[in-house]
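The next block holds one structure in the form of structure tokens; read it before the comments.
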There are 2 protein chains.
Amino acid sequence: MSLADTSEKTIGRLSTYRRLLYRSDLASQASVYSHQIAALSRATADQVRRDLMAVGYSGSPNKGYKVNELVQSIGEFLDNPAGENVCLVGIGNLGRAILSYFSGRRPKLAIVAAFDVAVSKVNRAIHGCRCYPLDDLAAVAERENIHVGIITVPADAAQSVAEKLVEAGVRGILNFAPVCLRVPPGVYTADFDMTTALEKVAYFARKMGRN
Amino acid sequence: MSLADTSEKTIGRLSTYRRLLYRSDLASQASVYSHQIAALSRATADQVRRDLMAVGYSGSPNKGYKVNELVQSIGEFLDNPAGENVCLVGIGNLGRAILSYFSGRRPKLAIVAAFDVAVSKVNRAIHGCRCYPLDDLAAVAERENIHVGIITVPADAAQSVAEKLVEAGVRGILNFAPVCLRVPPGVYTADFDMTTALEKVAYFARKMGRN
DNA sequence: TGTTGTGAATCTCTTCACAGCT
DNA sequence: AGCTGTGAAGAGATTCACAACA
């Protein structure tokens with residue numbers, strides 16, 4: 001339980017290490033070295049060890065880290081022990097794809113409600129997730145104890161949805177709309193824009209060709 | 001046309017500035033100050049000016065930047081003047097959502113082909129994009145002059161798809177599968193994992209609540 | 001006065017280097 | 001010998017501060 005803040009980059013990498021450990025053939029081994037984790041991810045062995053300092057789990061020299069203990073320690077560091085209920089606003093193509101992606105995947109980080117303004121899209125279940133009218137957001141968020149939200153509405157609706165989420169008690173927002181949300185202090189926002197991601201890839205693909 | 005490398009972060013922000021300028025009410029104004037761009041994005045005015053140094057477009061003191069010229073200069077810096085054709089591999093829920101997202105949006109950065117191994121999904125058009133069997137990738141990539149790819153296949157197929165893309169001449173990959181791709185030097189890869197993105201938001205949402 | 005463009009300082013993150021362990 | 005954990009150095013990104021300008 002370190003008191004120092006952990007950087008966004010480290011948190012992202014810890015999440016990645018855990019996920020890669022689940023899947024890889026290393027999961028069947030009893031123990032793993034930092035350089036093996038590095039080989040799976042985009043990190044160096046140094047960086048892996050540095051990141052693991054934050055979680056406070058120590059490996060042993062010459063034996064490395066016990067895989068199951070390491071995964072559990074990362075979980076204790078990253079996850080809310082009580083679980084985290086998430087909602088999604090905007091049941092379009094992307095919203096549905098995300099519901100499908102998370103469906104039944106992680107009980108401790110589950111999308112438990114989806115919202116939309118369109119009457120035709122609500123009052124049913126999509127990929128196991130209940131859909132409600134946007135007007136019910138505050139009530140459902142309180143009832144279901146939701147503190148994290150995903151925004152997949154069009155750009156011009158995103159800011160207004162963000163404000164409704166904050167008012168409903170949401171403290172963290174993952175935003176896929178192509179705007180930068182303005183939220184009060186105490187609320188964390190991550191913007192992910194598909195166009196920017198693709199433009200970056202196209203730019204560096206072209207630049208690397210030059211050398 | 002600066003010879004110095006520009007950082008990934010700056011490229012991402014330049015893409016963001018341009019996108020925000022398109023949409024905001026600033027687009028109708030003749031000129032814009034760095035602090036106005038900063039207010040739309042998550043950057044500071046200092047950072048905006050520093051980033052714009054890379055594109056080589058100069059504003060004028062007391063009048064700022066001419067919006068149309070600025071947008072055009074960023075375009076000349078970021079975009080391939082010949083345009084960039086993109087393909088997508090993996091026609092699942094997420095793949096279809098991405099096809100829909102980019103459909104008709106940017107002629108210079110268009111998804112012109114989609115691929116899947118499932119026979120039932122190919123030989124038709126989705127959101128205006130032609131779908132082919134994965135085996136046709138090399139032929140179609142050459143014919144359509146494709147050098148950027150998007151991966152939306154399951155985790156265990158992603159590495160193999162990445163290798164096929166590279167062999168077909170792709171130099172940049174945007175990967176949505178939850179693995180870190182191994183690609184040869186000269187190929188640029190960006191991994192975006194939805195679970196990691198959401199876990200980061202949940203983590204910081206919880207931490208901020210403490211203070 | 002209020003802005004741009006940019007050197008210099010600061011802050012953050014990564015990598016190096018190595019002591020200590022098994 | 002080969003690993004972990006970590007102080008210290010180095011690299012990279014951001015912010016400060018201010019000259020030049022309109």
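Throughout, a chain's letter reflects where its sequence line sits, starting with A, and its residues are numbered from 1.
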Check the distance between [N]'s [atom2] and [X]'s [atom1] and give it to me in whole angstrom.
{"X": "Lys66(B)", "N": "dA22(D)", "atom1": "NZ", "atom2": "C1'", "answer": "14 Å"}
{"X": "Gln47(B)", "N": "dC11(C)", "atom1": "CD", "atom2": "P", "answer": "16 Å"}
{"X": "Tyr65(B)", "N": "dG2(C)", "atom1": "OH", "atom2": "C1'", "answer": "13 Å"}

Are more than 12 heavy atoms, taken from residues, nucleotides or ligands other than Glu142(B), located less than 6.0 Å from that residue's CD atom? no
Which heavy atom in Phe115(A) sits nearest to a heavy atom in Leu137(A), and how many Å separate them? CE2-CA, 3.6 Å
I'd like to know if Asn62(B) reaches the base of dT3(C) with its side chain such that a donor and an acceptor end up less than 3.5 angstrom apart. no
Heavy-atom check, side chain of Val112(B) versus side chain of Arg130(B), under 4.5 Å: no
Using a cut-off of 4.0 Å on non-hydrogen atoms, how would the nucleic acid contact of [X] be classed: base, sugar-phosphate, or nothing?
{"X": "Ser7(B)", "result": "sugar-phosphate"}
{"X": "Lys9(B)", "result": "sugar-phosphate"}
{"X": "Thr44(B)", "result": "sugar-phosphate"}

Of Lys63(A) and Arg50(A), whose nearest nucleotide on DNA chain D comes first from the 5' end? Lys63(A)
So, do Phe77(B) and Tyr57(B) have ring centers that fall under 6.0 Å from each other? no
Go through dT15(D), dC3(D), dT15(C) for me and flag the one nearest to the His35(A) side chain. dC3(D)
Against the side chain of Asp46(B), the closest entry in dT6(C), dG7(D), dT14(D) is dT6(C)
